Amino acid sequence: MFGNNKEIVKFVNKWAVEPKNDPEIEQKIASLEKAYGVTFPSKYLSLIKEANPIYCPNLLDYISDNDIAIYDVQDFIDPLKIREETDEYINGGMPNGYIGFALDCMGNMFCFKYDELKEKKDAKIYIFDHDLCEINEVANSFSKWIKKFNSI
């Protein structure tokens with residue numbers, strides 16, 4: 001199901017609960033990229049193309065039980081809902097210029113920076129803490145972010 005991408009296979013097998021294959025995912029991604037005028041990182045696209053939706057509730061338990069200082073990722077947002085959910089967070093205090101793609105267990109949003117996607121750079125991963133209305137970098141790339149979860 002997950003092709004040759006070992007990082008993605010490991011992440012999904014280790015953390016995802018009942019991953020599904022969305023037959024309309026290619027159209028959803030194309031529509032989203034067109035709407036924003038960006039290209040999403042290839043590793044992110046690999047994950048979403050192979051398993052959507054992705055729900056990872058066991059990751060939080062593992063992080064908490066082992067006292068690991070890392071944000072959990074619980075839900076990857078369906079590409080059709082990314083624009084709507086990102087706009088809701090912007091209305092709630094998130095700065096403009098970010099595109100959300102996943103949430104942690106507390107409702108904080110993981111994001112890509114729009115400018116980095118527009119320039120087709122290896123986009124960093126940021127988290128918007130909705131309680132503090134702060135956005136901070138959590139990884140230099142999607143691949144490194146996934147590797148953090150795979151290493152615990």
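The structure presented is a predicted model; accordingly, all values stated were derived computationally and were not measured. One is the number of the first residue; the rest follow in order along the sequence.
Of the candidates Trp145, Tyr36, Tyr89, Phe128, Trp145 is the only one forming a ring-ring contact (aromatic ring centres under 6.0 Å, His included) with Phe101.
Side chain of Asn108 to backbone of Asp104: no donor-acceptor contact under 3.5 angstrom is found. A donor-acceptor pair under 3.5 Å is absent between the side-chain atoms of Arg83 and the main chain of Leu32, judged by distance alone.
Take Tyr126 and apply the ring pair (Phe, Tyr, Trp, His ring centres under 6.0 Å) test, not counting sequence neighbours, and it matches Tyr98. Applying the salt bridge (charged side-chain N to carboxylate O under 4.0 Å, His left out) test to Asp72 and every residue at least two apart in sequence or in another chain returns nothing. In this structure Lys148 satisfies the salt bridge (charged side-chain N to carboxylate O under 4.0 Å, His left out) test with no other residue, sequence neighbours excluded.
Following chains of ILVMFWY side-chain contacts shorter than 4.5 Å, one cannot reach Ile63 starting from Tyr55, and the two form parts of different hydrophobic clusters. Using a 4.5 Å cut-off between side-chain heavy atoms of Ile, Leu, Val, Met, Phe, Trp and Tyr, with links allowed through other members, Tyr114 and Phe142 fall into the same hydrophobic cluster. Cluster annotation: Val12 is not connected to Leu60 through the hydrophobic network of ILVMFWY side chains, with a link wherever side-chain heavy atoms come within less than 4.5 Å. No single ILVMFWY cluster, assembled from side-chain heavy atoms under 4.5 Å apart, contains both Phe76 and Met106.
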(request) Carefully, step by step, assess Tyr62 and Ile68 under the rule side chain to side chain contact (heavy atoms under 4.5 Å, CB included). (result) CA-CA 8 Å; Tyr62 189 87; Ile68 300 169; 3.8 Å; yes

(request) Please test His130 against Met109 for side chain to side chain contact (heavy atoms under 4.5 Å, CB included), starting from the C-alpha separation and ending with a verdict. (result) CA-CA 8 Å; His130 63 83; Met109 181 175 270; over 6 Å; no

(request) Any chance you could lay out the side chain to side chain contact (heavy atoms under 4.5 Å, CB included) test for Ile29 and Lys49, step after step, and finish with the verdict? (result) CA-CA 9 Å; Ile29 291 169; Lys49 285 178 182 178; 3.8 Å; yes

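Put simply, the side chain of Pro95 reaches to within 4.5 Å of the side chain of Ile135, judged on heavy atoms. Put simply, the side chain of Lys147 reaches to within 4.5 Å of the side chain of Glu7, judged on heavy atoms. Using a 4.5 Å heavy-atom threshold, the side chains of Glu85 and Ile77 count as touching. Contact of the Asn52 side chain with the Asp78 side chain is registered, since non-hydrogen atoms from C-beta on lie closer than 4.5 Å. Side-chain contact between Val73 and Trp15: absent, with no pair of heavy atoms (C-beta onward) separated by less than 4.5 Å. The closest side-chain heavy-atom distance from Ile8 to Ser46 is below 4.5 Å. The closest side-chain heavy-atom distance from Leu117 to Ile99 is below 4.5 Å. Under the 4.5 Å side-chain criterion, counting only non-hydrogen atoms from C-beta, Phe112 is in contact with Ile125.
Taking both residues in full, the closest heavy atoms of Asp129 and Leu132 are given as OD1-N, 3.0 Å, listed atom of the first, atom of the second, then distance. The minimum heavy-atom distance between Thr86 and Gly100, with the atom names listed, is OG1-N, 2.9 Å. When all heavy atoms of Ala123 and Pro41 are compared, the pair lying nearest together is CB-CG, 4.2 Å. Closest heavy-atom contact between Cys133 and Gly93: SG-CA, 4.2 Å. The shortest heavy-atom contact between Ser143 and Lys43 is CB-CG, 4.0 Å. When all heavy atoms of Phe149 and Tyr71 are compared, the closest pair comes out as CE2-O, 3.3 Å.
Interatomic distance, Asn5 CG to Lys10 NZ, rounded to the nearest 0.5 Å: 12.5 Å. Of the inter-residue distances, the one linking Asp75 atom CG with Lys81 atom NZ reads 10.5 Å to the nearest 0.5 angstrom. To the nearest 0.5 Å, atom NZ of residue Lys14 and atom CD1 of residue Ile146 are 11.5 Å apart. Distance check, rounded to the nearest 0.5 Å: CG of Asp22 to CG of Leu80 gives 8.0 Å. Between atom CD of residue Glu116 and atom SG of residue Cys111 there is a gap of 11.5 Å, rounded to the nearest 0.5 Å. Rounding to the nearest 0.5 Å places CD of Glu119 at 9.5 Å from NZ of Lys113.
The number of heavy atoms from other shown groups lying within 6.0 Å of CD (Glu18) does not exceed 12. Other residues, nucleotides and ligands contribute at most 12 non-hydrogen atoms within 6.0 Å of the CD atom of Glu24.
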